[in-house]
Amino acid sequence: MTEKMRSWRAASGAGIDGLTLREEPVPVPGPGEVLVAVRAVSLGFRELLVLRGTYVLPVKEDLVPVSDGAGEVVAVGPGVERTRVGDRVTAGLFPSWVDGPFGPEHLPQLGGSLDGMLAELVVLPESALVAVPRHLSFAEAATLPCAGVTAWNALSGVRAGDTVVTLGTGGVSLFAAQFAGLLGADVIATTSGEDKARRLKALGAHEVLNHRATPDWPAQVRESTGGRGAHRVVDVVGDLPKSLRAVAVAGEVALVGFVAGDVPMLDPRVLFGSGASVRSIAVGSQAQFLAMNRAIEAGGLRPVLDREFEFEDAAKAFRYYEDEQPFGKVVITVS
């Protein structure tokens with residue numbers, strides 16, 4: 001092991017141009033901690049919010065960015081019991097959230113108030129680690145902690161025969177479509193182009209609606225479900241008025257984010273009249289992560305990757321993710 005390693009650093013509000021590559025001392029794991037050689041990280045919309053200075057949670061100064069990564073354990077600190085050198089691992093975005101309901105005590109998060117994964121070596125608490133599914137590569141496993149766990153959490157309670165609506169082709173939406181299929185649900189997906197529609201159907205979507213050609217997609221969802229509406233809508237856009245029109249009485253809108261930027265106001269009478277509930281999703285716990293991984297292994301599921309970049313080209317990866325509307329996750333590999 002070398003005495004020096006490289007890490008990318010960022011400042012909240014400085015944007016992609018504020019990313020800098022540095023050489024730093026190799027960190028040493030303390031009690032209950034492990035040293036992980038990062039092999040891959042993946043980007044998500046959250047990472048752009050951090051760089052833009054618009055992320056809703058606290059962000060530390062001089063941050064190692066990116067919450068999602070996977071790698072190999074290369075050293076362990078005193079008191080580490082479950083983890084061995086050579087284990088392939090990833091980590092929960094909220095390291096202290098092991099199980100149970102989310103609370104303010106779990107707010108510290110990787111790539112935000114805590115240093116993240118965009119480095120050659122990182123120290124993590126053993127309690128945050130989750131084993132990589134055996135059939136996945138490091139690049140595939142790096143996509144799981146935020147987008148994967150969020151989608152899994154958003155589908156909590158979905159059963160075979162239910163109808164799930166997913167919006168667009170971002171990371172959470174693609175995972176939600178794949179997981180809903182694993183659970184035996186019927187998937188209605190929305191997108192904006194024929195090529196993406198074909199790829200969504202190849203992932204298992206039963207129906208794909210072009211939201212540009214059919215702006216009133218909730219009406220189409222109701223028509224496709226015999227007037228009932230969907231049991232679950234995974235809303236990454238933040239357009240609750242439309243999502244509530246598409247969801248069934250006693251159904252649920254899982255509110256994941258606001259990628260559309262400006263979002264319409266919600267008349268409380270629309271929420272009341274829908275007879276449905278809205279649940280905001282804060283990623284998920286390590287227990288949910290483990291349950292998701294069991295389903296991934298049992299179903300042989302593979303995350304959708306769009307493009308991989310080298311570690312030295314991290315800024316290019318961020319720009320590609322921001323500009324190109326990728327179908328699948330953008331991954332940065334670390335040699």
Side-chain angles (χ1 to χ4, degrees), residues 40-51 55-57 65-70 90-94 97 109-112 116-118 130 132-133 136-156 158 164 166-183 187 189 191 196 199-200 203-205 232-238 254-260 280-286 288-293 295-296 299 301-309 317-318 320-322 324-332:
V41 302
S42 74
L43 303 183
F45 189 65
R46 171 191 180 277
E47 313 307 336
L48 292 182
L49 297 180
V50 169
L51 296 185
Y55 188 47
V56 296
L57 295 178
V66 185
S67 61
D68 293 16
T90 182
L93 187 147
F94 297 100
W97 189 13
Q109 64 328 140
L110 297 178
M117 301 290 285
L118 194 53
V130 176
V132 169
L136 297 188
S137 67
F138 284 120
E140 292 168 326
T143 71
L144 299 176
C146 186
V149 177
T150 297
W152 182 259
N153 188 357
L155 296 179
S156 177
V158 167
V164 172
T166 63
L167 307 183
T169 54
V172 171
S173 297
L174 292 181
F175 270 120
Q178 290 179 285
F179 291 153
L182 280 183
L183 296 170
V187 177
T191 190
K196 288 183 177 180
R199 298 174 76 177
L200 282 165
L203 285 178
R232 186 70 48 88
V233 178
V234 181
D235 187 347
V236 301
V237 177
L255 180 61
V256 172
F258 310 93
V259 296
S280 59
I281 306 297
V283 192
S285 65
Q286 269 81 280
Q288 290 171 309
F289 203 155
L290 290 167
M292 177 192 74
N293 279 358
I296 287 173
L301 183 146
R302 288 191 177 277
V304 181
L305 303 185
D306 181 276
R307 184 173 171 184
E308 297 183 27
F309 288 81
F318 272 93
Y320 176 83
Y321 176 79
E322 183 176 48
E324 298 300 327
Q325 297 183 327
F327 188 99
K329 298 295 285 183
V330 175
V331 172
I332 300 169

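Quick note: residue numbers are just sequence positions, from 1. Every heavy atom of this structure was used, including side-chain atoms; hydrogens, water molecules and symmetry mates were not.
- Atom CZ in R232 sits 10.0 Å away from atom CG in L183 (nearest 0.5 Å).
- Between A141 and T90, the closest heavy-atom pair is O-OG1, 4.4 Å.
- With rounding to the nearest 0.5 angstrom, the CG atom of L144 is 12.5 Å from the CG atom of L93.
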M117 and S67: CA distance, side-chain angles, deciding distance, side chain to side chain contact (heavy atoms under 4.5 Å, CB included) verdict | CA-CA 6 Å; M117 301 290 285; S67 61; over 6 Å; no
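- Here the side chains of V41 and D68 are not in contact, with every heavy-atom distance at 4.5 Å or above.
- Closest of all the heavy-atom pairs between V130 and F289 is CG2-CD1, 3.7 Å.
- Of all heavy-atom pairs spanning V132 and A70, the tightest one is CG2-CB, 4.4 Å.
- Under the 4.5 Å side-chain criterion, counting only non-hydrogen atoms from C-beta, P303 is in contact with L136.
- Taking OH of Y321 as the start and CZ of F45 as the end, the distance is 7.0 Å to the nearest 0.5 Å.
- Side-chain atoms of V331 and F309, non-hydrogen and from C-beta on, never get closer than 4.5 Å to each other.
- Without hydrogens or angle criteria, K329 side chain to L43 main chain gives a donor-acceptor distance under 3.5 Å.
- Heavy-atom minimum distance, V256 versus A154: CG2-CB, 4.4 Å.
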Do Y55 and Q109 pass the side chain to side chain contact (heavy atoms under 4.5 Å, CB included) test, and can you show the C-alpha distance, the side-chain angles, and the key distance before you say yes or no?
-> CA-CA 12 Å; Y55 188 47; Q109 64 328 140; 3.2 Å; yes
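- Contact annotation: the side chain of T169 approaches that of L200 to within less than 4.5 Å [non-hydrogen atoms, C-beta and beyond].
- Although no hydrogens or angles enter the test, the distance criterion places no donor-acceptor pair under 3.5 Å between the side chain of D306 and the main chain of P326.
- A pairwise comparison of heavy atoms in G171 and A147 identifies C-CB, 3.9 Å as the closest pair.
- Atoms CD and CZ, from E47 and F318 in turn, are 6.0 Å apart once rounded to the nearest 0.5 Å.
- Counting heavy atoms from C-beta on, the side chains of L305 and F327 never come closer than 4.5 Å.
- Residues satisfying the side chain to side chain contact (heavy atoms under 4.5 Å, CB included) test with Q325, not counting sequence neighbours, are K196.
- Using a 30° and 60° split on the angle between ring planes, W152 and F179 fall in the perpendicular class, above 60°.
- When all heavy atoms of A176 and T166 are compared, the closest pair comes out as CB-CG2, 3.8 Å.
- Counting only distance, with no hydrogens or angles, the side chain of Q178 and the backbone of L301 share no donor-acceptor pair below 3.5 Å.
- Between the SG atom in C146 and the CG atom in L110 there is a gap of 10.5 Å [rounded to 0.5 Å].
- In this structure, the side chain of T143 engages the main chain of E140 through a donor-acceptor pair within 3.5 Å.
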Any chance you could lay out the side chain to side chain contact (heavy atoms under 4.5 Å, CB included) test for L255 and I281, step after step, and finish with the verdict?
-> CA-CA 6 Å; L255 180 61; I281 306 297; 6.0 Å; no
Please lay out, stage by stage, how F258 and V236 fare under the test side chain to side chain contact (heavy atoms under 4.5 Å, CB included).
-> CA-CA 6 Å; F258 310 93; V236 301; over 6 Å; no
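- R307 is linked by a salt bridge (Lys or Arg N to Asp or Glu O under 4.0 Å) to nothing, counting only residues two or more places apart in sequence or in another chain.
- With hydrogens and angles ignored, the 3.5 Å screen pairs a side-chain donor or acceptor of S173 with a backbone N or O of L167.
- With values rounded to the nearest 0.5 angstrom, L182 atom CG is found 8.0 Å from I296 atom CD1.
- Checked by atom type and distance alone, the side chain of S42 never pairs as donor or acceptor with a backbone atom of V330 at under 3.5 Å.
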